[in-house]
Amino acid sequence: METKQGHVHVDNVEIRFQGRDGPVTALAPTTLELAPQTFTALIGPSGCGKSTLMNAIGGFVTPSSGRITLDGAVIDKPSEQVGVIFQQYALFPWFSALDNVRFGLKRFGLSKREEVDRARAALDEVGLSAHADKFPQALSGGMKQRVAIARTFAFGPKVLLMDEPFGALDAQTRLVMHDLLMRVWQKHKATVLFVTHDVDEALLLADDVHVMSSAPGRLIRHYALAQPRPRALNRAGSDLLDIREDILGLLRPADATAL
Amino acid sequence: MAVTEPSTQRSVVARSFQAGLNAGGSAARSLLSFAFILALWAGVGAAQMVPEAIFPAPWSVLSAGIELAQNGTLAKDLSVSLSRAAIGFAIGASLGIVVGLLTGRIAVVRMLIGPFLNLLRPIPAIALVPVAIVWFGIGEGSKYFVISYTVFLAVWFNTHAGMEYVPDIYLRAARSLGVSRLREFMSVIVPAAAPYIFAGLRLGVALAFLSLVAAELSGASSGIGYRLQEARQYIRTDRMFALLIILGLLGAGVDLIVHRIGQKLVHWQQG
Ligand SMILES: Nc1ncnc2c1ncn2[C@@H]1O[C@H](COP(=O)(O)OP(=O)(O)OP(=O)(O)O)[C@@H](O)[C@H]1O
Ligand SMILES: [Mg+2]
């Protein structure tokens, strides 16, 4: 059994794209460390390069300069070590929920029986055993994302990238998903990088919160949160509330503060 | 929650009722249209406004059809024509899918033959008949060639388009799940392109029927297309009408079957 690590170093990475009028800097030089099995939230204005940074860690985009390593090895292409959960779920509509999870288990070369058992167990963990044979079109947004979470954790990546995974869900469903994600993550452990626009979400979930500046994005502030989980933001006097004010201040556009 | 639920339920019921109405409605509307045209046709026939030899009345067409059925030519023509269409379709469709998979995913193949195939697309089947006769003689070969050529281009084009536009997010998901290239191809790319491939196959079926008649112009001694030619020589417009109607019904029937099979196989595409 390999030891599960998942230590990510983003080392002075800059990413430029070829735009219509010359190169565009999508991500200003950025250095970031994701310690093994921690949960890091990334928050920042739209277009600042959050998805770009994720895509680079996922191996989908090559940095223009600098390098990204996972447990010492350079990441230069997508691999099974880095799992991704997309806002649009990315379930395969031609597979049932169960077969979507099984698809992620293929590389283990299990017997069919074992593969199905594991996939069922994974769906069970996210409370979907009753819906295993449904196709994604027949599931709600929250259920689809639960299938995607089951698919990814069952498959066991060292690093998990989540780009606004709950952005399309209503507030109630989000709260349910937070609990579920925390539960599943604490069981399986993986180094998580979680992009969100929702400050509260970041504060409820993460060990580390990084705030980015507007485009071209840089990391401008880091908060290490040691508060025990499950957390709540409504207790008066909680230091999380101060951090929240702080972050909201950072995210407020400069001209809006004058109003 | 408790407030919205009943109204949601009602709207679902209303919608499925509406859908039922629509499905029933469209069949009823088709029947109405057929009945209207038939009545008009019968009216023209009964008034004897046009000579029978030019524009036969429905009852003449019906009796010509019965005659063809009774003397055994219809069964023979149908089986000959259908097997030509089926064999031509099978050859053209399988080649179309294979080549479409290649040009859709492999840049070199796409560059080398894509533009050429696109150039062929506007050439109608009937224009190929002389070439087909020189290459394959007047036997079955030239018929298969003409039909499979037409079917091939339609199926190729659609397969190719489907392969090209596989949503990136599916490929990303597959890569981050660490599956092999072969599995990615079989379980992700092909299913993602399947709706396009089926659209191509359905078009191919229609084209097989269209080009069948052209193909049977290349010297045949049986088949629906041949029988049409023969009817022309004897100026049997009643037979021609009967044959055209049979061809139309056959084409529509097969199209419906292919459509239904497609809906079953690419079930995720609806809605
Ligand atoms: N493939 C690409 N080609 C050209 N420009 C790109 C590409 N991908 C991203 N960009 C640009 O890079 C910048 C950062 O984009 P990115 O998607 O990373 O932002 P983001 O922080 O994820 O925004 P959002 O919160 O809206 O998702 C944007 O200006 C975007 O237009
Ligand atoms: Mg983004």
> With only heavy atoms counted, which part of A:Leu91 is less than 4.5 Å from chain B, the side chain, the backbone, both or neither?
Replying inline: backbone
> Which atoms of A:Asn100 come close to chain B, meaning under 4.5 Å heavy atom to heavy atom: side chain ones, backbone ones, both, or neither?
Replying inline: neither
Would you list the atom pairs, donor with acceptor, under 3.5 Å between side chains in residues 111-122 of chain A and any protein atom, with sequence neighbours excluded?
from, atom 1, to, atom 2, distance (Å)
A:Ser111, OG, A:Glu114, N, 3.2
A:Glu115, OE2, A:Arg102, NE, 2.7
A:Glu115, OE2, A:Arg102, NH2, 3.1
A:Glu115, OE2, A:Lys106, NZ, 2.9

Could you pull out the closest heavy-atom pair between [X] and [Y], with the gap in Å?
| X | Y | answer |
| --- | --- | --- |
| A:Pro78 | B:Arg175 | CB-CB, 3.8 Å |
| A:Arg151 | B:Ala173 | NH2-CB, 3.9 Å |
| B:Ser176 | A:Val84 | CB-CG2, 3.8 Å |
| A:Phe103 | B:Ser187 | CE1-CB, 3.7 Å |

> Which residues satisfy the side chain to side chain donor-acceptor pair (under 3.5 Å) test with A:His131, sequence neighbours excluded?
Replying inline: A:Lys134
> Does the cation-pi check pass for B:Arg172 over A:Phe60, that is, NZ or CZ under 6.0 Å from the six-membered ring centre and within 45° of its axis?
Replying inline: yes
>> Is it true that, when you exclude B:Tyr165 itself, more than 12 heavy atoms of the residues, nucleotides or ligands shown sit nearer than 6.0 Å to its OH?
In response: no
> Given a strict heavy-atom distance threshold of 4.5 Å, which part of B:Ala194 is in contact with chain A: side chain, backbone, both, or neither?
Replying inline: neither
> OG1 of A:Thr152 to CG of B:Leu177: how many Å apart, nearest 0.5 Å?
Replying inline: 6.0 Å
>> Just so I understand: if I count every heavy-atom pair under 4.5 Å between each of A:Phe92, A:Phe135, A:Phe95, A:Trp94 and chain B, which residue has the most?
In response: A:Trp94
